[in-house]
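Because only heavy atoms are used, hydrogens play no part in the values below, and waters and symmetry mates are left out as well, while side chains stay in.
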Number of protein chains: 2
Amino acid sequence: MGIYQTSTKTRQALIDATGQLAAEKGFNAISTRAIAQLADENIGSIHYHFGGKDKLFEAVILSVATRWLENPLEDALTGIDILTAAGQAQAIRLIVSRDISLLFDKEVPSWHNRVIFQVMQYPNPLQNTFRAIVLERENEVICRLFKTIDPAMDDETAELHFLLLLTPLIFHADYQNIILQKLGQTEYSPQYLQRLVDTCVTQTLLFFNLPTSANETSHDSE
Amino acid sequence: MGIYQTSTKTRQALIDATGQLAAEKGFNAISTRAIAQLADENIGSIHYHFGGKDKLFEAVILSVATRWLENPLEDALTGIDILTAAGQAQAIRLIVSRDISLLFDKEVPSWHNRVIFQVMQYPNPLQNTFRAIVLERENEVICRLFKTIDPAMDDETAELHFLLLLTPLIFHADYQNIILQKLGQTEYSPQYLQRLVDTCVTQTLLFFNLPTSANETSHDSE
DNA sequence: TATAAATTTAGTCGACCGACTAGATTTGGT
DNA sequence: ACCAAATCTAGTCGGTCGACTAAATTTATA
């Protein structure tokens with residue numbers, strides 16, 4: 001009939017192997033033969049199931065993008081009154097927590113993050129689509145929040161604060177290998193991630209004179 | 001006798017072309033023929049002058065690393081008394097300013113930054129050397145500073161603050177294309193970079209209760 | 001179990017890769 | 001101007017790449 005069970009299994013094996021290899025060496029450095037070997041599938045299956053190497057890559061990228069599409073930032077912020085200082089503080093904390101959850105969910109293959117940032121970095125057909133999905137939407141919501149906090153803020157400044165808030169998270173995802181090597185660990189501990197969230201959030205709240213009390217472990221610098 | 005003038009010119013042309021292409025497509029995606037064509041040199045010259053593609057890549061990486069080796073962070077901090085709060089604040093500001101200068105110096109080819117971050121990201125023989133040059137040294141100095149500010153701070157927390165302080169700068173260098181595209185500009189304006197420095201520094205100073213007065217444009221969030 | 005469709009397999013194809021070389025050309029000190 | 005050393009050039013080589021195919025095999029149904 002339409003599709004046999006073995007088909008979806010083969011497709012997934014090829015996608016996983018591709019993501020794994022791409023995370024390790026970069027999309028530009030891997031061959032269809034290496035992919036097929038790691039997936040324990042025949043190289044011809046790439047052509048049969050995806051139509052070629054490029055299409056396989058698109059499928060990999062799409063499988064990552066789907067997860068972000070299914071978890072829009074707006075959903076995480078429903079019910080927050082961003083017109084009050086307390087609500088604004090809570091929104092900032094929720095944004096950071098939500099991104100940490102998405103980036104470092106242990107259920108998700110570790111190659112997802114590397115795929116994201118490679119697509120962002122190098123020209124490819126899906127780049128704009130992907131940026132729109134993963135970045136633009138988040139960017140827009142957060143910039144609007146900053147402009148609510150300070151109505152006099154211009155676009156460029158809002159962008160700047162967007163970047164300042166999220167780049168620590170992004171860097172922890174993009175350069176996970178280096179950081180973990182430096183920390184002498186194999187994965188971020190929940191405590192470390194919690195501290196990352198707290199510190200990011202606190203720095204931003206302090207900058208905007210927003211209340212830091214909420215549900216945070218007290219911060220004391222001496 | 002040893003070396004003719006044309007030789008250094010050819011070598012430099014090949015290094016520049018390689019850096020330019022690598023920045024655009026990634027080291028793994030460029031061929032010796034493409035390099036030679038962009039450099040307007042013969043492909044055989046790569047073998048003659050460098051001994052092969054890999055050695056050429058090493059020369060490119062080394063040409064970038066040299067610049068960081070020649071500008072150690074320690075030099076920027078001489079004469080600062082990091083035992084006083086004012087000195088600590090000044091040190092943090094100097095660190096950030098110095099990195100911004102190195103990363104966004106208009107005299108330096110724009111491919112330098114992309115080379116740095118590709119070497120950091122993907123396994124290669126010079127990776128550890130490079131990390132030691134560009135990251136470790138900076139890391140050590142800054143972590144020591146944080147531990148001076150708060151003697152009770154543990155290593156992991158110091159690392160965290162190191163990352164929080166510098167990742168915005170690093171991200172602005174690593175993802176320069178995306179950010180500039182979003183800002184609708186072709187290069188960061190001095191004003192934007194200054195604001196980036198000020199905000200990064202202020203956030204950190206506020207977090208550690210250090211004086212923000214120094215030589216900074218006053219910060220007021222409403 | 002018989003069967004047609006779906007899938008897997010092994011192998012071929014031309015294109016391009018990096019490495020290398022022998023010979024032509026240029027350089028710079030004399 | 002001469003010439004030996006340095007450099008440049010065009011081209012060959014074996015190897016790997018992605019695309020593709022025809023035949024073998026497996027699957028799900030009747």
Rounding to an integer number of Å, can you tell me how far [X] [atom1] sits from [N] [atom2]?
X	N	atom1	atom2	value
A:F57	D:dC17	CZ	C1'	12 Å
A:N28	D:dG18	CG	P	11 Å
A:K25	D:dT16	NZ	P	14 Å
A:Y4	C:dT9	OH	C1'	17 Å
A:L56	D:dC17	CG	P	15 Å
A:Q37	C:dA10	CD	C1'	15 Å
B:I30	C:dC16	CD1	C1'	15 Å
A:R11	C:dT7	CZ	P	10 Å

Quick test of your reading of the model: are [X] and [Y] salt-bridged, counting only N-O distances below 4.0 Å?
X	Y	value
B:R98	B:E138	yes
B:R114	B:E24	no
A:K147	A:D154	no

The residue, B:T6 or B:I43, whose nearest nucleotide of DNA chain C is more 5′ is B:I43
So B:H161 and B:F146, would you call those rings parallel, tilted or perpendicular, with 30° and 60° as cut-offs?
tilted
Can you classify the ring geometry of B:F117 versus A:Y175 as parallel (below 30°), tilted (30 to 60°) or perpendicular (above 60°)?
perpendicular
Does [X] place a side-chain N or O at less than 4.0 Å from the phosphate oxygens OP1/OP2 of [N]?
X	N	answer
A:S7	C:dA6	no
B:H47	D:dC8	no
A:T32	D:dA19	no
B:Y48	D:dT7	yes

Return the nearest nucleotide to the side chain of [X]; candidates are [options].
X	options	result
B:S45	C:dT9, D:dC8, C:dT21	D:dC8
A:S31	D:dT9, D:dC17, C:dT7	D:dC17
B:N42	C:dT8, D:dT9, D:dA28	D:dT9
A:K53	D:dT9, D:dG18, C:dA19	D:dG18
B:Q5	C:dT9, C:dG18, C:dG28	C:dG28

Comparing nearest nucleotides in DNA chain D, the 5'-proximal residue of the pair B:T10, B:R33 is B:T10
